[in-house]
Structure formats: C-alpha cells, structure tokens
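What's counted below: heavy atoms across the whole structure, side chains too, no hydrogens, waters or symmetry copies.
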Amino acid sequence: GENVEQHPSTLSVQEGDSAVIKCTYSDSASNYFPWYKQELGKRPQLIIDIRSNVGEKKDQRIAVTLNKTAKHFSLHITETQPEDSAVYFCAAHNAGNMLTFGGGTRLMVKP
Amino acid sequence: GAGVSQSPSNKVTEKGKDVELRCDPISGHTALYWYRQSLGQGLEFLIYFQGNSAPDKSGLPSDRFSAERTGGSVSTLTIQRTQQEDSAVYLCASSLVGTTDTQYFGPGTRLTVL
C-alpha cells in the first residue's frame with residue numbers, strides 16, 4: 001500500500017521567515033495530494049491541495065509543489081505569522097481509493 | 001450549513017467495556033471516514049463508507065472494531081472489549097462523493113480507557 005513520509009516532524013521559524021515541509025510517497029499511481037492544518041485541540045482543516053496534472057499551486061502565502069518523477073511534494077508558507085503555528089499533515093490519494101496521511105509537522109512561529 | 005458533528009466529545013471507560021461513537025456527516029455527503037489519532041501522532045485510517053457500496057474496512061486494527069452507516073447518513077463506530085491502547089481521539093470526516101474531494105472533519109471524540 002501507500003506510504004507517506006513527512007519531514008521535519010517539528011519546525012521552528014521566526015515570524016516573517018518562510019517554512020517548508022516535505023513529503024514523499026511510494027505509490028506512483030497517487031494523483032491527489034491535500035494538506036491539512038490542525039491547530040491545538042481543533043479538527044484538521046484543508047488548506048491547499050494539488051492534483052497530479054499540475055506542478056505547483058499557490059494561494060496567497062501558501063504554495064504546494066509536486067514532483068511526480070521523484071514522488072515528493074512540498075508545502076511552502078511565506079511571511080509566516082504566529083497564527084500559522086499548528087500541526088500540518090500531508091496526504092496522498094492512490095489507486096486504492098484511500099488517503100494516506102503523513103506523520104505531521106509541528107510548526108512553531110516565534111514572534 | 002452545519003459541519004460534521006460527533007458525540008460524545010469525551011468518553012472515559014473501563015478496560016473491557018464496549019463503547020459506541022457517533023458521527024453525523026454534512027448533509028448530502030456520500031462519503032464518510034473514520035480515523036484514529038493517538039496523542040501527538042498522525043491520522044490512522046480506520047474505515048471508509050461510500051454511498052451504498054461495501055465499506056473499506058482495511059484500516060480496522062482488530063475484530064473488536066466495527067462500524068456501520070445507517071441510511072447513508074449517520075455512522076457509529078463500535079469498539080468492543082476496550083483496551084488501554086484504544087485510548088485516542090477518534091475523528092470522523094465526510095466528503096461530497098469520494099476520496100479526492102475535500103474531507104471535512106468533525107471535532108473528534110477523545111476516548112480514554114482506564
């Protein structure tokens with residue numbers, strides 16, 4: 001089955017800096033890659049997603065890139081703010097019709 | 001409109017007892033998912049319902065776990081003979097049609113097995 005690895009597990013940045021979280025997946029048939037943000041004590045919420053027919057997608061300060069050849073995708077957050085502090089999960093959807101989640105990255109933005 | 005709701009929000013039980021966790025998906029969503037999240041860990045897939053199709057139970061960790069979805073809406077996750085390692089937050093999510101649609105999560109049920 002699909003295996004999704006996410007790095008780093010924790011990331012601390014200064015407010016205003018950029019943050020990058022990387023994920024790799026194992027199933028070359030995977031075609032949909034969402035990113036979820038989970039604030040402390042709250043439910044995960046989708047922040048951005050990308051499908052396998054594009055290489056990059058941006059939404060304001062957030063961007064996701066996908067390299068299908070290398071089977072990895074990344075989340076980029078620019079001009080980080082304290083409210084960006086949360087746990088971020090990547091996921092990959094594969095032909096098995098299932099979303100497999102990465103282990104999560106705890107992002108801390110220091111003011 | 002209303003989002004995904006779950007009940008109870010917290011459940012404390014004794015080892016060996018059975019528990020039932022409930023999920024109300026967003027109205028009109030045909031796909032429903034159950035996940036387990038242990039403290040500080042990622043999301044572990046448990047089971048997936050899509051319309052009237054047979055559920056994908058491939059993530060259920062043991063035969064003590066079962067789930068049903070009545071009338072294509074409300075779902076109940078049942079854990080029999082609970083063990084301490086079952087302690088976790090159980091999250092339900094729904095999506096419009098399938099697994100490539102945005103999944104909307106409920107607030108979760110925090111289960112503690114003493």
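- Using a 4.5 Å cut-off on side-chain heavy atoms (C-beta onward), A:Lys42 and B:Phe105 make no contact.
- Expressed to the nearest 0.5 Å, how far OG1 of B:Thr102 lies from OH of A:Tyr32 amounts to 4.5 Å.
- Ring-centre distance between A:Phe101 and B:Tyr35: below the 6.0 Å cut-off.
- For a residue to count as touching a neighbouring chain, one of its non-hydrogen atoms must lie under 4.5 Å from one of that chain's; by this rule B:Leu43 touches chain A with backbone and side chain alike.
- Tracing side-chain contacts under 4.5 Å through hydrophobic residues (I, L, V, M, F, W, Y), one reaches A:Ile77 starting from A:Ile50; they form part of the same cluster.
- When the shell of 6.0 Å around CD of B:Glu85 is examined, it contains more than 12 heavy atoms from other residues, nucleotides or ligands.
- Shown here for B:Leu91 and A:Gln38, the closest heavy-atom pair between the two residues is CD1-NE2, 4.5 Å.
- Linking ILVMFWY residues whenever their side-chain heavy atoms come closer than 4.5 Å, directly or via other members, leaves A:Leu11 and A:Phe89 in distinct clusters.
- If you chain together hydrophobic residues whose side chains sit under 4.5 Å apart, B:Val113 and B:Phe65 fall into the same group.
- Neither the backbone nor the side chain of B:Tyr104 comes within less than 4.5 Å of any heavy atom in chain A.
- We find the CG-OG distance between A:Leu46 and B:Ser95 to be 11.5 Å, quoted to the nearest 0.5 Å.
- There is no contact between A:Gln6 and chain B, counting heavy-atom distances below 4.5 Å.
- A side-chain donor-acceptor contact under 3.5 Å links A:Tyr36 to the backbone of B:Gln103.
- Summarising the local packing, CD of A:Glu79 is surrounded by 12 or fewer heavy atoms from other residues, nucleotides or ligands at distances under 6.0 Å.
- A:Pro44 touches chain B through backbone and side chain together, each having a heavy atom under 4.5 Å away.
- Annotation for B:Asn52: atom CG does not count as buried by contact number, only 12 or fewer foreign heavy atoms lying within 6.0 Å.
- If you measure heavy-atom distances from B:Glu44 to chain A, you find no contacts under 4.5 Å at all.
- Counting non-hydrogen atoms of other residues, nucleotides and ligands closer than 6.0 Å to CD of A:Gln45 gives a total of 12 or fewer.
- The local environment of CD in A:Glu83 is crowded, with over 12 non-hydrogen atoms from other residues, nucleotides or ligands closer than 6.0 Å.
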